[in-house]
Amino acid sequence: MFNKRKKKIMQLDNSQILRFTTAGSVDDGKSTLIGRLLYDSKSIFEDQLEAIEATSKRKGHEGVDLALFTDGLRDEREQGITIDVAYRYFTTPKRKFIIADTPGHIQYTRNMVTGASTANAAIILVDARHGVIEQTRRHAFIASLLQIPHVIVCVNKMDLVDFSEEVFNSIVRQFEAFSSKLAVKDIRFRPISALLGDNVVNRSENMPWYEGATLLHTLENMHISSDTNKIDARFPVQTVLRPQSEEHRDYRGYAGRIASGIFRKGDEVTVLPSGLTSTIKSIDTFDESPGEAFAPMSVSITLEDDIDISRGDMIVRTNNKPRMEQELDVMLCWLHADPARPRAKYTIRHTSNEQKAVIRDIVYKVDINTFERNEEDKDIAMNDILKVKIRTTKPLMFDSYRGNRTTGSLILIDEGTNETVAAGMIV
């Protein structure tokens, strides 16, 4: 029996993890939808369920207020809105999930960028009564900007429009009309009622005209293995391992997480920024030495030659190198309440590399309601999304964000306060 249980756990550990974010306007039902997913998939602990039932009863609700499963901050519970990014985890027999429930208010655009930055999929909720509105376009634009591969448009509250097929089809046409301008390859539409559970986990008896999959079935079967860049081998070094033990007296390994691509024993590699070449001697994990490793595995790599390598360096394949430049074109989302200071120096953190940088020029700001560019406004305030030119003190090893979300992303940190002030995507 123990062996059977162990085998089941191992199968679960090897399943893919799907990260998805929810977005939509205020009161579109994002938190209720996630609560329904957790509730109907039986992913809630009994003591948590009892606490939520007690809170719902105290507030005078007839049933369980599903939104309370994700609205954890006191201000959120009192106002009935989502302010921070609430992360939740649940597992089904087919897959593990990490959910980022992001705010709908305009002033929390930065929170959506944070929650969506590592997502495989974005669920954008649309109120069936209101259709596509400004916030819908805003969140779809951010999903496109962050290169989220899959978007699921959930037309929620279908119970309030009598489960009308005509209303659903009209919203699909509205969304398709503007999303054709966005860089999202996979867009799917699902008519749901998060409150009643229609087409969330279980199929709806109220919408026999809809023959597609439920939301959970879509998430469980979504193909995401191709979302990771398997071509460009990039290994940012985080630390150098020198155990100095009896067993590993001469061991010198370079440890970190593979950002993209595949590395194999015997591969010819180049170390950047030095440009020195060598061959991979071994690839080691905690308990074995596999012949190959791929993103996002954390490994230690040893080389045939003694090369001076330190944190911030990058090991790449010799015939496939990233760009190395000091002048970067970056799409920034300003995260901090304080505006950017002209010519101020910031710490730029890119993979395991950290150095000084300055914003040299603001190329344009994006009106994410109309997608128009404003080249005249040179002020940077919280939630602004803009294209800037950044200069670093030393060349950075990077790929474009469109081709590689890991080596194409960065953050800016204020030197004085050590607070993260902006997240960037290298163009």
Side-chain angles (χ1 to χ4, degrees), residues 16-19 98 113-114 116-120 145-149 224-241 253-265 267-278 280 282-286 290-303 307 309-325 328-331 347-355 357 390 392 394-413 420 423-427:
Q16 289 178 319
I17 298 176
L18 177 75
R19 295 172 172 84
I98 300 176
V113 171
T114 303
S117 58
T118 59
N120 302 104
L145 180 70
L146 293 172
Q147 294 290 300
I148 297 177
I224 60 171
S225 60
S226 59
D227 296 348
T228 305
N229 184 327
K230 295 186 176 67
I231 298 172
D232 303 313
R234 308 284 186 260
F235 183 71
V237 176
Q238 292 185 15
T239 189
V240 180
L241 299 180
Y254 309 104
R257 173 176 287 185
I258 299 174
S260 61
I262 303 172
F263 288 91
R264 296 182 176 89
K265 181 180 178 181
D267 280 353
E268 183 181 315
V269 293
T270 297
V271 179
L272 299 177
S274 68
L276 297 174
T277 61
S278 186
I280 294 179
S282 70
I283 299 173
D284 305 310
T285 62
F286 177 72
E292 66 176 30
F294 49 86
M297 290 175 63
S298 294
V299 298
S300 171
I301 292 178
T302 65
L303 302 179
I307 299 176
I309 301 175
S310 58
R311 178 180 174 86
D313 291 353
M314 186 179 289
I315 298 174
V316 302
R317 280 224 194 87
T318 300
N319 60 356
N320 181 349
K321 298 176 184 176
R323 291 156 62 187
M324 278 185 61
E325 298 173 17
L328 313 175
D329 288 326
V330 180
M331 293 297 299
T347 298
I348 189 169
R349 189 170 292 166
H350 171 263
T351 61
S352 59
N353 196 344
E354 195 171 290
Q355 54 181 284
I390 291 178
T392 58
K394 293 182 291 187
L396 215 61
M397 295 81 73
F398 65 91
D399 301 283
S400 70
Y401 185 83
R402 183 178 293 274
N404 194 326
R405 290 173 73 185
T406 304
T407 58
S409 59
L410 56 85
I411 59 173
L412 295 182
I413 299 169
T420 302
M425 293 138 279
I426 305 173
V427 178

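Given the structure is predicted, the values throughout are model-derived calculations rather than measurements.
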Open item on the list: Using the side-chain hydrogen bond (donor to acceptor under 3.5 Å, both in side chains) criterion, which residues pair with D313? Sequence neighbours excluded.
Closed with: none
- [ ] Taking the side chain as every heavy atom from C-beta outward, state whether P290 and T285 have any pair of such atoms under 4.5 Å apart.
- [x] yes
Task: Which residues share a salt bridge (charged side-chain N to carboxylate O under 4.0 Å, His left out) with R257, sequence neighbours left out - done: none
- [ ] Under the side-chain contact (heavy atoms from CB on, under 4.5 Å) rule, what do R349 and L410 come out as? Steps first, then yes or no, please.
- [x] CA-CA 6 Å; R349 189 170 292 166; L410 56 85; over 6 Å; no
TODO: Hey, could you give me the OG1/CD1 distance between T277 and I307, rounded to the nearest 0.5 Å?
DONE: 6.5 Å
Open item on the list: Between Y401 and L146, is the side-chain contact (heavy atoms from CB on, under 4.5 Å) condition met? List the steps.
Closed with: CA-CA 8 Å; Y401 185 83; L146 293 172; 4.0 Å; yes
- [ ] Check side-chain hydrogen bond (donor to acceptor under 3.5 Å, both in side chains) between S278 and all other residues, then give those that pass, not counting sequence neighbours.
- [x] D305
Open item on the list: Could you measure the distance from the OG1 atom of T118 to the CD1 atom of I98? Nearest 0.5 Å is fine.
Closed with: 7.5 Å
Open item on the list: Nearest 0.5 Å, please: how far is CD in E354 from CD1 in I411?
Closed with: 8.5 Å
Side-chain atoms of residues 296-303: list all donor-acceptor pairs with protein atoms under 3.5 Å, sequence neighbours left out, distances to 0.1 Å.
unit_1	atom_1	unit_2	atom_2	d
S300	OG	Y251	OH	2.9
T302	OG1	S282	N	3.1
T302	OG1	S282	OG	2.6

- [ ] Start with the C-alpha distance between R317 and T270, add both sets of side-chain angles, then the distance that settles side-chain contact (heavy atoms from CB on, under 4.5 Å), and finish with yes or no.
- [x] CA-CA 6 Å; R317 280 224 194 87; T270 297; over 6 Å; no
Task: Minimum heavy-atom distance A255-F235, with the two atoms named - done: C-CZ, 3.8 Å
Open item on the list: Test your reading of the model: is there a side-chain donor-acceptor pair from H350 to the backbone of F398, 3.5 Å cut-off?
Closed with: no
TODO: Any chance you could measure L396, atom CG, to I390, atom CD1, to the nearest 0.5 Å?
DONE: 9.5 Å
- [ ] Compute whether any side-chain donor of one residue and acceptor of the other, for D232 and S260, lie under 3.5 angstrom apart.
- [x] no
Open item on the list: To the nearest 0.5 Å, what is the distance between CD1 on I426 and CG on L328?
Closed with: 5.5 Å
Task: Set of side-chain hydrogen bond (donor to acceptor under 3.5 Å, both in side chains) partners for R402, sequence neighbours left out - done: none
Task: salt bridge (charged side-chain N to carboxylate O under 4.0 Å, His left out) involving R311 - partner list, sequence neighbours excluded - done: none
- [ ] Report yes if some heavy atom in the side chain of L412 is under 4.5 Å from a heavy atom in the side chain of T420; otherwise report no.
- [x] no
Task: Atom of M331, atom of V427 and distance for their closest heavy-atom approach - done: CG-CG2, 3.8 Å
- [ ] For residues V330 and M425, determine if any side-chain heavy atom of one lies less than 4.5 Å from a side-chain heavy atom of the other.
- [x] no
TODO: Mind checking the CG-CG spacing from N320 to D267? Nearest 0.5 Å is all I need.
DONE: 11.5 Å
Task: Student check: side-chain heavy atoms of K394 and P273 closer than 4.5 Å - done: no
TODO: State which residues pass side chain to side chain contact (heavy atoms under 4.5 Å, CB included) with K230; sequence neighbours excluded, sorted by chain then number.
DONE: S225, T228
Open item on the list: The criterion is side chain to side chain contact (heavy atoms under 4.5 Å, CB included); which residues satisfy it with P322, sequence neighbours excluded?
Closed with: R234, L272, M314, V316, M397, D399
Task: Validation row: F263, I258 side chains within 4.5 angstrom (heavy atoms) - done: yes
Open item on the list: I'd like to check the side chain to side chain contact (heavy atoms under 4.5 Å, CB included) partners of E268; sequence neighbours left out, ordered by chain and number.
Closed with: T318
- [ ] List in chain and number order the residues that pass salt bridge (charged side-chain N to carboxylate O under 4.0 Å, His left out) with R323, two or more places apart in sequence or in another chain; answer none if no residue qualifies.
- [x] E325
TODO: Indicate the atoms forming the closest heavy-atom contact of G291 with I283, along with that distance.
DONE: O-CD1, 4.1 Å
- [ ] Flag the pair R405 / P149 as yes when at least one side-chain heavy-atom distance between them is below 4.5 Å, and no otherwise.
- [x] yes
- [ ] State which residues pass salt bridge (charged side-chain N to carboxylate O under 4.0 Å, His left out) with R19; sequence neighbours excluded, sorted by chain then number.
- [x] none
